[in-house]
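One-based numbering, in listed order, for ligands and for the atoms of each.
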Amino acid sequence: MTLASMQSVLKRYGSCAALDYIDLEIHEGEIVGLLGPNGAGKTTLIQALTGILPVDQGRISLFGDSRNPFSDANKQKLGLVTQEIAVFEELTAKEGLEFFAGIYGLRREEKKKRVAEALEFVGLSAYANKVPHKFSGGMKRRLNIACALTHRPRLLIMDEPTVGIDPQSRNHILESVQKLREQGTTILYTTHCMEEVQEIASRVVILDQGQVVKEGTVQQLIETVRHEETIIFDVADPLGIPLRQVESIAGVSQVSVSGSRITVISAAGAGNLDRILSVVQQHSGVLGIQADKPNLEDVFLTLTGKQLRDREGSR
Ligand SMILES: Nc1ncnc2c1ncn2[C@@H]1O[C@H](COP(=O)(O)OP(=O)(O)OP(=O)(O)O)[C@@H](O)[C@H]1O
Ligand SMILES: [Mg+2]
């Protein structure tokens, strides 16, 4: 069953189309990984899909209802973990969760039970009576996730829930997401991190500049670049490399720079490594070379000509 869908959804900010005629479907039981760099439109898409943000054109359907998708009954079935962490700093973890459970109409015993379950689920039972004021970023995030769970949503939407937190909390969150899916929750998980998507997503939707550039399972997407190989050079002077010249070598399809790394995508077996290396070496010291099997990062690079990891300082 399709739990949520968008058809030709357009949302403009001035002349910028944050959502540029988006089509999307989320089926029951999936973890859809919505992957895209900063500014791709991930948060806008979530806001449109949950009715927070009115769109300019297009059709949105939730739980089979496209006439009144944002009815109270439908909103009850949604859980939203927003990009910005929102927890009550002065209430204890338990009190804050009880507040959210109350909004969803849970009462007394049921509320207590669900709050305890949610705290247990995110691994914060021991902190139930502590105020989040001094929690680490990862603990606040987990509490934030618990807030979206007490009413047991059918569709849980998470906007970059692992940004800026410690690896332990990150792993905990990724495991929790998989556990939720096993328990029957459908999940839309946005991130700019392809490792996360590779780890948990049953289907991937790649978003760039407000458009869906590709979708499929991780395997299907990687298959599209199977005939390519990626060569990464660590160089002393990345700005000195004439990218155009490297790009003009036979077999080379993409060249990009991120920090001190030059990434070259080339047809597999083109036998051009000597030529590429000689151009690179003429202009900079080479500190390391590595050839990678294709991964989602390469899919993105091939489709858009850009590195996904723009948070880490590419240009
Ligand atoms: N309120 C707004 N006013 C004007 N432009 C906006 C507004 N919100 C978003 N945008 C623009 O819309 C585009 C998509 O932004 P959005 O926040 O949805 O991207 P994102 O994929 O969530 O990025 P990030 O990974 O940084 O959270 C960007 O170009 C952004 O500058
Ligand atoms: Mg965002």
Student: Under the 6.0 Å and 45° cation-pi test, does Lys77 pair with Phe63?
Tutor: yes

Student: Roughly how far apart are Ile31 CD1 and Tyr189 OH, rounded to 0.5 Å?
Tutor: 9.5 Å

Student: Just checking: Gln83, one of its N/O/S atoms, less than 2.8 Å away from the Mg ion (ligand 2), yes or no?
Tutor: yes

Student: Could an N or O of ligand 1 be found under 3.5 Å from any N or O of Ala40, whether backbone or side chain?
Tutor: yes

Student: Give the atom numbers and elements of ligand 1 that come within less than 4.0 Å of a heavy atom of Ala18.
Tutor: 12 (O), 13 (C)

Student: Regarding Ser71 and Asn68, do their side chains bring together a donor and an acceptor under 3.5 Å, going by distance alone?
Tutor: no

Student: Does ligand 1 have an atom that lies less than 4.0 angstrom from a heavy atom of Pro37?
Tutor: yes

Student: Going by the atom numbers of ligand 1, which of them fall below 4.0 Å from some non-hydrogen atom of Thr44?
Tutor: 14 (C), 15 (O), 16 (P), 18 (O)

Student: Mind listing the closest non-hydrogen atom pair of Pro238 and Ser260 along with its distance?
Tutor: CG-CA, 3.9 Å

Student: When you check the side-chain N and O atoms of Glu196 and Thr162, is any donor under 3.5 Å from an acceptor?
Tutor: yes

Student: Pick whichever of Thr43, Asn38, Leu53, Ile46 has a heavy atom sitting closest to atom 22 (O) of ligand 1.
Tutor: Thr43

Student: Would Gly41 count as a contact residue for ligand 1, given that I'm defining contact as a non-hydrogen atom of the residue lying under 4.0 Å from a ligand atom?
Tutor: yes

Student: Can you list the residues that meet the side chain to side chain contact (heavy atoms under 4.5 Å, CB included) rule with Phe300, with sequence neighbours excluded?
Tutor: Pro37, Ile206, Asp208, Thr304, Lys306, Leu308

Student: Verify whether one side chain among Asp159 and Thr190 offers a donor that lies under 3.5 Å from an acceptor in the other.
Tutor: yes

Student: Side chain, backbone, both or neither: which applies to Gln83 and ligand 1 if a contact is any heavy-atom pair less than 4.0 Å apart?
Tutor: side chain

Student: When you measure from the side chain of Arg142 to the backbone of Val122, do you find a donor-acceptor pair of N or O atoms at a distance under 3.5 Å?
Tutor: yes

Student: Please state which option from Gly36, Gly39, Gly210 has its nearest heavy atom closest to atom 14 (C) of ligand 1.
Tutor: Gly39

Student: Backbone or side chain, does Thr44 get an N/O/S atom under 2.8 Å to the Mg ion (ligand 2)?
Tutor: no

Student: Give the atoms of ligand 1, by number and element, whose distance to some non-hydrogen atom of Glu160 is under 4.0 Å.
Tutor: 24 (P), 25 (O), 27 (O)

